[in-house]
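Below: the structure, in structure tokens.
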Number of protein chains: 2
Amino acid sequence: MVINFENNENLDLIFGALSDATRRGMLAQLSDGETNITALAAPYAMSQPAISKHLRVLERAGLIARSRRGRDHYIKAIPGPAEEAGGWIAYYAKFWRQQFDDVEAYLQANKGDTK
Amino acid sequence: MVINFENNENLDLIFGALSDATRRGMLAQLSDGETNITALAAPYAMSQPAISKHLRVLERAGLIARSRRGRDHYIKAIPGPAEEAGGWIAYYAKFWRQQFDDVEAYLQANKGDTK
DNA sequence: AAAATTAATAACCAAAAGGTTATATATTTA
DNA sequence: TAAATATATAACCTTTTGGTTATTAATTTT
């Protein structure tokens, strides 16, 4: 199965969601396991609706799932989408790295040359 | 050396830069090597200033470098920052995946249980 | 020297992002 | 049942983003 990275709208949402420190912090916190929103919000000096919006962004990107138990909403991380985004980076970074190192090697090899 | 992922403003810029399909397309194209801006812009149905702005975003994120030869600007990808962002994902995805699979395994194990 | 090409910059616009306060809804606790 | 708690939604505001056209600057080609 070849991954189709081109024109993938999911990647817009996933990378967009990851581009904010508050949301990355929430995801980091979720590496300890499922939490309710109040606990997730605790570290941030912002209003409750702001937290709610950040969670919607993460949800829309498919990075989290929500389940309700009474009045509490429990949030957990879903690994798939982030892995997909990580895959995009890993795929292309290999090529960039290759060229980068090639140029380095070339410069190194021709270091003592006269003009 | 332990990487400090917390409160890393670079990640804002890097993930933000990666959240747009045009910019991802440019980076993908740069996996073939250095190109001038005209060639880089060719696939996109947008004005030249728009291209210029996308390149500034990539540059600000540290994802590309520019060198001038005459009137041409040549662009190449710099692998480091993207690798850093990939590292962030890889680091946390491991935890998310672990929990995700643990829950799966639990549900599987208790499949036939009566209430 | 004039025309063409490559790219940046300025000024503008609409939509999206990230925040706020006020209010509503559901559930739990006292 | 009344109060407290957990969360969402609505309405609003400011800044950022992604695009445009018009213009400018530098270089190359004719």
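To find a chain, count down the sequence lines: A is the first, B the second, and so on, and within it residues start at 1. Computation of the quantities below employed the complete heavy-atom set of this structure, encompassing side-chain atoms and omitting hydrogens, waters and symmetry-equivalent molecules.
Counting heavy atoms from C-beta on, the side chains of A/Tyr44 and A/Met26 come closer than 4.5 Å.
Atom CG of A/Leu55 and atom CD1 of A/Ile75 lie 5.0 Å apart (nearest 0.5 Å). One finds the CZ atom of B/Arg23 at 10.5 Å from the CD1 atom of B/Ile64 (value rounded to the nearest 0.5 Å).
When atom types are taken as modelled, the side chain of B/Ser52 and the backbone of B/Pro49 share no donor-acceptor pair closer than 3.5 angstrom.
A sub-4.0 Å separation between OP1 or OP2 of C/dT6 and a side-chain N or O of B/His73 is absent. Dashed line: the shortest gap from a side-chain N or O of A/Thr38 to OP1 or OP2 of D/dT5 is not under 4.0 Å.
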Heavy atoms under 4.0 Å is the rule here; annotate nucleotides 16-30 of chain C 5' to 3' with B where the base is hit, S where only the sugar-phosphate is, and - elsewhere.
--BBBBB----BSS-

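One atom, CZ of B/Arg66, and another, P of C/dA7, lie 9 Å apart when rounded to the nearest Å. The separation between B/Ile37 atom CD1 and C/dA7 atom P is 5 Å, rounded to whole Å. What separates CD1 of B/Ile51 from C1' of C/dT9 is a distance of 16 Å, to the nearest Å. Rounding to whole angstrom units, CE of residue B/Met26 and C1' of C/dA7 are separated by 13 Å. Nucleotide D/dT9 holds its C1' atom 9 Å from the CZ atom of A/Arg56, rounded to whole Å.
Cation-pi geometry between B/Arg69 and B/Tyr74 is satisfied (NZ or CZ under 6.0 Å from the ring centre, within 45° of the ring normal).
Using a 3.5 Å distance cut-off with no hydrogens or angles, the side chains of B/Gln99 and A/Asp32 do not pair a donor with an acceptor.
Relative orientation of the A/Trp96 and A/Tyr92 rings is parallel, given thresholds of 30° and 60° on the angle between their planes.
Base-pairing analysis of DNA chain D finds the following stems of at least three consecutive Watson-Crick or G-U pairs, with both pairing distances under 3.5 Å: C:1-30 with D:1-30.
Listed by chain and number, the residues in a side chain to side chain donor-acceptor pair (under 3.5 Å) with A/Arg60 amount to none (sequence neighbours excluded).
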